[in-house]
Asks: 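Handing you this structure, nothing more for now.
Reminder, nothing fancy here: chain letters follow the sequence lines and each chain counts from 1.
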Amino acid sequence: MLDPKLLRSDPAAVAANLARRGFKLDVERLSALEESRKKWQMRVDELRNERNLHAKTVGKAKAQGQDIAPLLQQVESLGADLSKVESELAGVQSALDELLLGLPNMLHESVPEGHDESANAEIRRWGEPRKFDFKPRDHVELGEKLGQMDFAAAGKISGARFSVLSGPLARLQRALIQFMLDLHTGEHGYRELYVPYLVNAQSLTGTGQLPKFEADLFAVKGESELYLIPTAEVPVTNLVRDTIVEADKLPLRYVAHTPCFRSEAGSYGKDTRGMIRQHQFEKVELVHLARPQDSYAEHELLTRNAEEVLKRLNLPYRAVALCGGDIGFGSAKTYDLEVWLPGQQAYREISSCSNFEAFQARRMQARWRNPDTGKPEPLHTLNGSGIAAGRALVAVLENYQQADGSISVPEALRGYMGGLESITAA
RNA sequence: GGAAGAGUGGCCGAGUGGUUUAAGGCACCAGUCUUGAAAACUGGCGAGGGGGCAACCCCUCCGUGAGUUCGAAUCUCACCUCUUCCGCCA
């Protein structure tokens with residue numbers, strides 16, 4: 001949610017910023033609703049005040065043993081009047097809330113201008129794409145040839161966009177996850193978390209998936225209204241929902257491995273082959289909760305920590321700053337990490353690191369106590385994949401493939417693979 | 001799944017229809033005292049919305065939502081969460 005004070009005081013500036021992402025803010029509708037809200041609010045306050053004053057008078061009269069019947073007569077119609085204006089206010093308020101919850105975050109000034117991913121700005125590039133003396137295969141061909149990646153079986157069990165891994169390949173994914181968790185907890189100072197995979201609607205509203213993106217989520221059938229998490233960002237960030245964090249506790253840096261579930265509605269025809277875009281995938285997520293003045297330094301740090309995973313795995317990648325037209329709904333600034341995939345001859349997203357500033361914090365009432373003002377103020381939330389394990393598996397397969405279709409195990413993972421150096425058909 | 005109990009400010013906790021303007025304590029902040037600190041004492045100390053040039057004033061918030069009432073932290077209903085006991089269970 002945007003700062004309501006800014007929205008009221010300078011809607012034109014907000015509209016200009018949101019226009020950079022191609023979002024048209026209806027300033028007239030907004031200010032009309034706001035004016036109407038104010039009008040009804042004042043009317044409601046007035047009537048309530050009247051009611052309260054009257055109730056006190058009645059209380060006093062009764063205490064003194066006076067007859068209160070004439071007093072009660074005086075306010076006969078007040079209750080009806082009040083509930084009428086209260087429902088007017090509630091109507092305006094819910095329309096306003098709906099509008100506010102649908103507004104994307106404002107962009108940081110450093111976000112590149114542009115309409116789509118072609119305008120994203122490359123920030124840096126690391127590693128040299130390997131030269132193959134044979135035609136590199138893609139991960140599907142490699143995995144199926146090894147007999148350890150089965151999309152047909154997954155299709156039978158669940159449907160499209162799922163996969164079954166077996167043997168060393170299944171272990172390789174687990175090794176990647178373990179390696180990442182150990183790196184972030186052991187060397188980068190993160191606290192590891194285990195969190196629920198099913199969350200309520202309030203949590204998803206807090207991080208911004210609801211109400212606008214319900215179609216991207218899986219909901220479970222049953223009495224309680226629960227959703228499968230699309231990312232660990234949801235349960236982890238919501239840890240600070242409705243809390244006030246003491247200043248000396250910040251920054252908080254959390255890492256969690258979870259499966260992620262996405263309906264991928266609207267992505268029909270995109271990445272239908274292989275493990276790139278699945279309904280279920282594994283991810284190690286980094287979440288930072290920071291003081292506002294530190295959040296951009298934290299953003300750089302978080303991104304570097306994610307990059308370190310790729311460096312240790314010796315996977316060539318580049319970092320890009322997403323432009324206004326490509327950036328996510330709640331983010332003020334996002335770096336994507338794109339790993340080189342020889343099978344596609346392209347850099348593909350493997351991590352997305354975003355600073356949400358106070359956008360999520362306002363939605364979820366996550367605050368810190370600012371020692372300068374002594375007041376609770378919204379803190380800043382950040383998150384990034386550190387990194388997506390499913391796609392990391394794809395990257396390892398394609399980058400570490402040998403001419404005979406075997407996969408050499410990256411040095412960093414061998415300890416997690418029982419010393420295995422090469423994955424061969426089994 | 002069954003039974004009983006509970007949910008109050010940053011934290012603990014009193015409050016069972018009307019001077020509640022939510023007692024008291026802890027923590028925190030400022031001051032007095034002190035070489036300094038601690039202790040003691042004095043004062044301050046929740047969040048959000050609105051009005052006013054201002055001093056200041058008004059509204060809302062006691063798990064959530066509905067209801068009863070002139071008036072609800074307090075009564076009623078539903079739901080959520082927690083605790084204890086029983087049952088079942090990885």
Asks: If you measure from the C1' atom in rG63(B) to the same atom in rU8(B), how many Å do you get, rounded?
Replies: 10 Å
Asks: Looking only at atom P, what distance separates rA47(B) and rG9(B), rounded to whole Å?
Replies: 14 Å
Asks: Watson-Crick or G-U wobble partner for rA55(B), using a 3.5 Å limit on both distances?
Replies: none
Asks: When the P atoms of rC61(B) and rA72(B) are compared, how many Å lie between them, rounded to an integer?
Replies: 9 Å
Asks: Are Arg8(A) and rG50(B) close enough that a side-chain N or O sits under 4.0 Å from OP1 or OP2?
Replies: yes
Asks: Given atom CD of Glu46(A) and atom C1' of rG52(B), what is their separation to the nearest angstrom?
Replies: 15 Å
Asks: Measure from the side-chain N and O atoms of Arg137(A) to the backbone N and O of Lys145(A), and report whether any donor-acceptor pair falls under 3.5 Å.
Replies: no
Asks: Considering only atom C1', compute the distance from rG1(B) to rG50(B) and round it to an integer number of Å.
Replies: 50 Å
Asks: Please give, in whole Å, the distance from rC61(B) P to Asp242(A) CG?
Replies: 17 Å
Asks: Assuming nearest nucleotide by heavy-atom distance, tell me which of Met42(A) and Arg51(A) is located more 5' along RNA chain B.
Replies: Met42(A)
Asks: Pick the nucleotide of RNA chain B nearest each of Lys60(A) and Glu246(A); which residue has the one closer to the 5' end?
Replies: Glu246(A)
Asks: Rounded to whole angstrom units, what separation is found between the NE2 atom of His54(A) and the P atom of rA72(B)?
Replies: 13 Å
Asks: Could you tell me which nucleotide pairs with rG1(B) by Watson-Crick or G-U wobble geometry, both distances under 3.5 Å, or answer none if nothing does?
Replies: rC86(B)
Asks: Are Arg253(A) and Glu298(A) close enough for a salt bridge, meaning some N to O gap below 4.0 Å?
Replies: yes
Asks: Determine the Euclidean distance between corresponding C1' atoms of rA27(B) and rC45(B); express it in Å to zero decimal places.
Replies: 11 Å
Asks: How far does CG of Asp150(A) sit from CG of Leu169(A), to the nearest 0.5 angstrom?
Replies: 11.5 Å
Asks: With respect to the phosphate group of rC58(B), does any side-chain polar atom (N or O) of Arg43(A) fall under 4.0 Å of OP1 or OP2?
Replies: no
Asks: Among the candidates rG18(B), rU60(B), rC58(B), find the nucleotide nearest to the side-chain atoms of Lys62(A).
Replies: rG18(B)
Asks: Taking atom P of rG9(B) as reference, at what distance in whole Å does atom CZ of Arg369(A) sit?
Replies: 14 Å
Asks: Write down the distance between CD1 (Ile244(A)) and P (rC45(B)), rounded to a whole number of angstrom.
Replies: 17 Å
Asks: When you compare rG17(B) with rG25(B), how far apart are their P atoms, in angstrom units rounded to a whole number?
Replies: 26 Å
Asks: Once you apply a heavy-atom cut-off of 4.0 Å, does Arg37(A) come out as touching a base, just sugar-phosphate, or nothing?
Replies: sugar-phosphate
Asks: Tell me whether Glu35(A) is salt-bridged to Lys38(A), with the criterion being a basic N under 4.0 Å from an acidic carboxylate O.
Replies: no
Asks: Could you check whether atom CD of Glu187(A) has more than 12 heavy atoms from other residues, nucleotides or ligands sitting under 6.0 Å from it?
Replies: yes
Asks: What is the distance, to the nearest angstrom, from the CG atom on Asn49(A) to the P atom on rU60(B)?
Replies: 8 Å
Asks: Got a salt bridge between Glu308(A) and Arg312(A), using NZ or NE/NH1/NH2 to carboxylate O under 4.0 Å?
Replies: yes
Asks: Could you check how far CE of Met1(A) sits from P of rG49(B), rounded to whole Å?
Replies: 10 Å
Asks: How far does the C1' atom of rU19(B) sit from the matching atom of rC33(B), given to the nearest Å?
Replies: 38 Å
Asks: Let's see if you can work this out: which of rA47(B), rG18(B), rU60(B) has an atom nearest to the side-chain heavy atoms of Ala55(A)?
Replies: rG18(B)
Asks: Is there a side-chain contact between Asn52(A) and the phosphate of rU60(B), meaning an N or O under 4.0 Å from OP1 or OP2?
Replies: yes
Asks: Is any N or O donor-acceptor pair between the side chain of Lys38(A) and the base of rG50(B) shorter than 3.5 Å?
Replies: no
Asks: May I have the distance from Leu47(A) (atom CG) to rG51(B) (atom P), rounded to whole angstrom?
Replies: 17 Å
Asks: Could you check which nucleotide pairs with rC77(B) in any of the strands shown, counting Watson-Crick or G-U wobble with both distances under 3.5 Å?
Replies: rG65(B)
Asks: Both distances under 3.5 Å, Watson-Crick or G-U wobble: report the partner of rC28(B), or none.
Replies: rG44(B)
Asks: With a 3.5 Å cut-off and heavy atoms only, can you find an N or O donor on one side and an acceptor on the other between the side chain of Asp45(A) and the base of rG49(B)?
Replies: yes
Asks: With a 4.0 Å cut-off, would you call Glu264(A) and Arg161(A) a salt bridge?
Replies: no
Asks: When you compare rG10(B) with rA3(B), how far apart are their P atoms, in angstrom units rounded to a whole number?
Replies: 35 Å
